[in-house]
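Every heavy atom of this structure was used, including side-chain atoms; hydrogens, water molecules and symmetry mates were not.
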Amino acid sequence: MAWLRRFKRRGSAGRDRFVSFIAVSSMAGIGLGVAALIVVLSVMNGFQKEVRDRMLSVLPHIELFVPGASPAVTLPRWRELVTDAERNPAVLEGAPFVAAQAMLARGQALRGVQVRGVDAEYEGGVSDLPGQMVQGQLSNLKPGGFGIVLGQELAGSIGVGVGDTLLLMAPEGSISPAGMTPRMRQFTVVGLFASGHYEYDSTFAFVQVEDAARVFRQGAVAGARLRISDMQQAPRVAAQLPAVLPPDVLALDWSQNNRAWFAAVQTEKRMMFLILALIVAVAAFNLLSSLVMTVKDKRSDIAILRTLGASPASVARIFLVQGALIGIVGTVLGVAGGTLVALNVDVIVPAIERLLGVHFIPQQIYFINQLPSDPRAPDILMIGGVSLLLSFVATLYPSWRASRLQPASVLRHD
């Protein structure tokens with residue numbers, strides 16, 4: 001019978017190692033899931049911040065305008081609107097604008113564009129457009145000169161450069177004996193800009209604000225563009241401005257102008273969080289299975305503890321602590337590793353690209369040369385909290401099973 005006892009001891013040691021392996025794999029799964037969540041959400045935050053900053057280098061933080069009013073009526077009031085808005089301490093500077101849609105024609109090329117009338121003297125206070133000029137200067141836009149500044153991508157698609165002329169057609173027209181004809185005006189390209197945002201570089205055109213008011217007599221929006229101290233507070237400031245503005249003036253912030261894009265990004269982040277959270281959930285199920293196997297393997301030991309006076313609550317507490325410890329260690333390792341990777345994405349990704357000989361972010365498509373990352377404390381805390389919660393929930397059933405074991409029944413069968 002000695003060989004049978006040695007076989008049992010060897011089998012018990014093998015089961016212990018297997019259970020330990022399952023526990024370690026559960027810990028590793030929790031850590032990998034947490035790290036993956038942190039890295040992916042940080043990269044998505046980085047892309048959102050990069051795109052938002054490039055958008056706001058062209059777009060204003062807040063626009064003030066009178067709905068339905070023509071530029072001839074609203075534009076002369078822009079200084080008054082800015083003065084009223086500056087009563088809010090968050091407002092820094094203002095500039096006039098006219099916004100309309102039009103068509104640009106050059107030979108056989110025809111493109112729809114977003115036309116913005118600006119004043120070069122004040123535009124630098126509300127946007128980064130003067131610093132984004134790659135050819136010419138924004139100051140080349142002179143009243144009555146009918147010059148135009150195009151996005152670099154737009155100019156390339158039409159086939160024009162600085163000094164070339166093109167035809168701008170306004171949506172509203174005039175009635176002639178031949179019928180309705182669109183209002184047209186020849187403009188000279190005086191500069192090109194590159195914001196780094198393809199949508200704007202391929203669809204935006206800037207003209208002098210007074211020239212825009214002459215061309216777009218109806219169907220255009222005019223007013224004042226504002227820059228505030230903290231662009232994240234633009235929705236709050238826009239909601240406060242009606243208290244200091246005339247009742248016919250509407251304040252619209254950048255998040256409202258681009259609501260569809262930001263809503264899509266937030267939806268993607270939520271779905272990505274839910275999908276990657278399944279990795280942590282699978283690891284939590286592995287933790288549950290490892291604890292169930294431990295309870296089954298240690299039935300005799302649990303029964304002996306119960307006969308020695310241990311209460312069911314004490315037995316349950318043992319497995320709760322064991323499961324919680326695995327979850328805590330896995331979560332801490334995942335948070336530390338994920339945060340470390342997220343903070344060094346700009347170093348890690350280029351190293352992988354050099355090693356594999358590939359380029360993950362083609363600059364000609366994304367207009368950035370490195371993967372952006374923006375780890376945020378609220379996201380990290382939420383991920384860590386969800387991981388700990390799932391780990392704790394996974395320990396409840398095995399702990400309850402262990403506390404329900406009857407010592408007499410277990411020892412009789414063993």
Out of curiosity, Arg106 CZ to Phe187 CZ, how far, rounded to the nearest 0.5 Å?
15.5 Å
If you compare all heavy atoms of Val82 against all heavy atoms of Ala224, which two are closest, and at what distance to 0.1 Å?
CG2-CB, 3.7 Å
Between Val39 and Ala342, the two heavy atoms sitting closest are CG2-N, 4.3 Å
In the structure I gave you, are the side-chain heavy atoms of Phe47 and Asp374 within less than 4.5 Å of one another anywhere?
no
For the atom pair CZ (Arg236) and CG (Asp253), what is the distance rounded to the nearest 0.5 Å?
11.5 Å
Can you confirm whether Met103 sits close enough to Arg111 that some side-chain heavy atom of one is under 4.5 Å from a side-chain heavy atom of the other?
no
Let's go through Val162 and Thr188 carefully: what are the C-alpha distance in whole Å and the side-chain angles of both, what is the deciding distance for side chain to side chain contact (heavy atoms under 4.5 Å, CB included) to 0.1 Å, and is it a yes or a no?
CA-CA 8 Å; Val162 175; Thr188 302; over 6 Å; no
Exercise: identify the closest heavy-atom pair between Leu154 and Ser157:
O-OG, 2.7 Å
pair Val113-Thr203: side-chain heavy atoms closer than 4.5 Å:
no
Closest heavy-atom pair and its distance - Ser42, Pro375:
OG-CA, 3.2 Å
My understanding is that only one of Thr165, Val190, Val160, Val189 makes a side-chain contact (heavy atoms from CB on, under 4.5 Å) with Ile148; could you say which?
Val189
Exceeds 12 heavy-atom contacts within 6.0 angstrom, atom CZ of Phe273:
yes
Would Leu150 and Leu104 satisfy side chain to side chain contact (heavy atoms under 4.5 Å, CB included), going step by step from the backbone distance to the final call?
CA-CA 11 Å; Leu150 303 178; Leu104 292 182; 3.8 Å; yes
Worked verdict on Met169 versus Leu110 for side chain to side chain contact (heavy atoms under 4.5 Å, CB included)
CA-CA 10 Å; Met169 294 181 287; Leu110 191 65; 3.5 Å; yes
Tell me whether Thr339 contacts the main-chain N or O of Val335 through its side chain, where contact means a donor paired with an acceptor under 3.5 Å.
yes
Should the ring pair Phe204 and Tyr200 be called parallel, tilted or perpendicular, given that the plane angle runs from 0 to 90° and is split at 30 and 60?
perpendicular
Quick check: closest heavy atoms across Leu291 and Gly323, and the distance to 0.1 Å?
CD1-CA, 3.9 Å
Could you measure the distance from the OG1 atom of Thr74 to the CG atom of Asp248? Nearest 0.5 Å is fine.
8.0 Å
Just by modelled atom types, is the Phe146 backbone N or O under 3.5 Å from a matching donor or acceptor in the Asp211 side chain?
yes
If you define the side chain from C-beta out and look only at heavy atoms, does anything of Leu245 sit under 4.5 Å from Leu64?
yes
So does Gln137 have more than 12 non-hydrogen atoms from other groups sitting under 6.0 Å from CD?
no
In Å and rounded to the nearest 0.5 Å, what is the CG to CG distance from Leu37 to Leu274?
9.5 Å
Contacts table for residues 84-97: side-chain donor-acceptor under 3.5 angstrom, sequence neighbours left out:
{"from": "Asn88", "atom 1": "OD1", "to": "Ala90", "atom 2": "N", "distance (Å)": "3.0"}
{"from": "Asn88", "atom 1": "ND2", "to": "Gln240", "atom 2": "OE1", "distance (Å)": "3.0"}

About how many Å separate CG of Asn45 and CD1 of Ile38, when rounded to the nearest 0.5 Å?
11.5 Å
Less than 4.0 angstrom from a charged side-chain N to a carboxylate O is my criterion; do Asp119 and Arg225 meet it?
no
CD of Gln233: more than 12 outside heavy atoms within 6.0 angstrom?
yes
Identify the two heavy atoms, one from Ala222 and one from Pro71, that lie closest to each other, and give their separation to 0.1 Å.
CB-CA, 3.7 Å
So OG of Ser195 and CD of Glu153: to nearest 0.5 Å the spacing works out to 9.5 Å
Side chain to side chain contact (heavy atoms under 4.5 Å, CB included), that's the test. Do Val66 and Arg77 meet it? Break it down for me.
CA-CA 10 Å; Val66 179; Arg77 300 175 55 189; 3.8 Å; yes
Contact check, side chains of Pro398 and Leu288, non-hydrogen atoms, under 4.5 Å:
yes
